[in-house]
Amino acid sequence: MNIKQISRFLPVLMMFSLLPGCFSPEENREQRSLNIIPKPGEMVKKEGSFTINRKTTIVFSENESLLKEANYLTDLLNEYSGLKLKLITDNPKDKNTIGLIVNSNIVNPEGYVLKVTENGITIEGGSPSGVFYGIQTLRQLLPHQTGKAKAKLQVQSIEIKDEPRFAYRGLHLDVGRHFFPVEFIKEYIDLIALHKMNTFHWHLTEDQGWRIEIKKYPELTKVGAFRKETLKGHWGKKPREYDGERYGGFYTQEEIKEVVNYALERNVTIIPEIEMPGHSLAALASYPHLGCTGGPYEVATHWGVFNDVYCAGKDSVFIFLEDVLDEVIALFPGKYIHIGGDESPKHNWKECPECQARIKAEGLKDEHELQSYFIKRIEAYLLSKDRYIIGWDEILEGGLAPEATVMSWRGEAGGIEAAKQNHNVIMTPNKYVYLDYYQAEPENEPLAIGGFLTLETIYNYEPLPDTLNSEEQKYILGAQANVWTEYISTTDYAEYMTFPRATALAEVLWSPKKDRDFNDFTKRLKSFVYHLDRLDVNYAKHVFIENKEEL
Ligand code: ACM
Ligand code: ZN
């Protein structure tokens, strides 16, 4: 935020500072149990409570499949209370224990049953992931430490039976337009886990910056990770002005391994995105032979869609991309690789003899079919490595690759069409889940790309289109909120745009549809933000300010 924006924002900040010191009012343990986000499926409050003390042990069943969750819980309790509990493998139902158990009777692998009695706590999960989500719920039952003295870790007796509504619950971050350091990426993953989301879509390559070290192609990070300057102000404002400052950064493979492990410990799968054929100017600037014209090219310094894309006629482009993907596959264990596919102008392909020769040789109708050829060829390569592609909805044009999952962003139409073609779909319609859009009246907000998406609108988003029948709806794996960062250059602003709107989507994706109630959500949110405060998240507070009489 620049000075002008801060001054515009000042009245809101001042109003906020007059409110009570925090947004997590003192609440008793019974109330707290009713404040969980995302709202659990079934919850029965019981008489009494259990207090976690120094002698409580964390017990997990014989085999070590739950070691990761047990360690996570130990660290979490230590962080929240200072207690360092002992970890043992023994009978998880003993007295004064927190027992972690995988129970194959729980059908949904991410489902769990959490029981708190006066004797102790058990968390049974359909798999270690389910146990992990039970731990996240327990986290929200812990007392809020509001003063200097630590509160006793007294937990309401309760029985909670819970499972997610959707299998895919994602949050995205564009690190191409602006670069975010590893420490922030880890915090983002912590937040994804807190929200019982399970996927981080890491948008790693862009026109304005290539952010992942590829050992075989060092120019990608020597040249492609840096731009000579950056546009100031909004793209639509003319004349354009630039800041004159070199900008960039990238993640080394060692850093990526560290992040992947960190995510694994938090039940988060990372989907790396390597954009093709468009949004590839940083790669072309690094290796000009990859474009139709041969360049020279420059890493982009402003936002938009650029005509220079990978040439679809040259085999050397596919060799390059396969080499890059080899290194990406070795770093990311998840089954999906996102290959982009959006906003790729056909202008150069129409003029390029090699692209035209490819169209002829392959018997393709036009440049849309050439894009489809491009994506299908990459898909075939990835399938040979046992990986599946996800692409933005433009990959429908010219024909879908056989196993592709479609990320529907230009509204829901692409997702609906893909589901009708029996393809898996992840919903990310810009109107409902683009977190780079303004969340309140633009005149009181820091500069954003445009659009308008309030907390209430995202909360009321329904991922299953009613134009699909129930068979077709099964192809909708879930949804994801996207954080594009043309205008988001700081971690503080990224947090402000992401939360609590992502919190609203987390509930959409996890909780039963019948329980969705925005007023109830905002009440629970006042308690939930305690956890955001603990992580020092600069979440947006409009919803509390509008309802300040209730504080
Ligand atoms: C996109 O927003 N271009 C996927
Ligand atoms: Zn070409």
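Whatever order the structure lists ligands and atoms in, that order sets their numbers, starting from 1. In this chain, residues are counted from 1 in sequence order.
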Original post:
Centroid-to-centroid, W392 to H201, below 6.0 Å?
Top reply: yes
Original post:
Does E343 approach ligand 1 within less than 4.0 angstrom via side chain, backbone, both or neither, non-hydrogen atoms only?
Top reply: side chain
**OP:** Name the closest protein heavy atom to atom 2 (O) of ligand 1, giving the residue it belongs to and the distance to 0.1 Å.
**Re:** Y434 OH, 2.6 Å
Original post:
Can you list the atoms of ligand 1 that are under 4.0 Å from a heavy atom of W484?
Top reply: 1 (C), 2 (O), 4 (C)
Original post:
Taking the six-membered ring for Trp, are W202 and H338 ring centroids under 6.0 Å apart?
Top reply: no
Original post:
Taking both backbone and side-chain atoms of W409, is any N or O found less than 3.5 Å from an N or O belonging to ligand 1?
Top reply: no
Original post:
What is the number of protein N/O/S atoms located under 2.8 Å from the Zn ion (ligand 2)?
Top reply: 4
Original post:
Could R377 and Y373 be counted as a cation-pi pair, given that NZ or CZ must be under 6.0 Å from the ring centre and within 45° of the axis?
Top reply: no
Subject >> Residue pair E417 / Q421, side-chain donor-acceptor N/O under 3.5 Å >> reply: yes
Original post:
Going by atom types only, do T503 and H195 share a side-chain donor-acceptor pair under 3.5 Å?
Top reply: yes
Original post:
Taking atom types as modelled and ignoring hydrogens, do the side chains of N460 and Y432 form a donor-acceptor contact shorter than 3.5 angstrom?
Top reply: no
Original post:
Side chains of E445 and Y496: do they bring a donor and an acceptor to under 3.5 Å?
Top reply: yes
Original post:
Can the ring centroids of Y251 and F179 be said to lie less than 6.0 angstrom from one another?
Top reply: yes
Subject >> Heteroatom proximity flag, D342 to ligand 1, N/O under 3.5 Å >> reply: yes
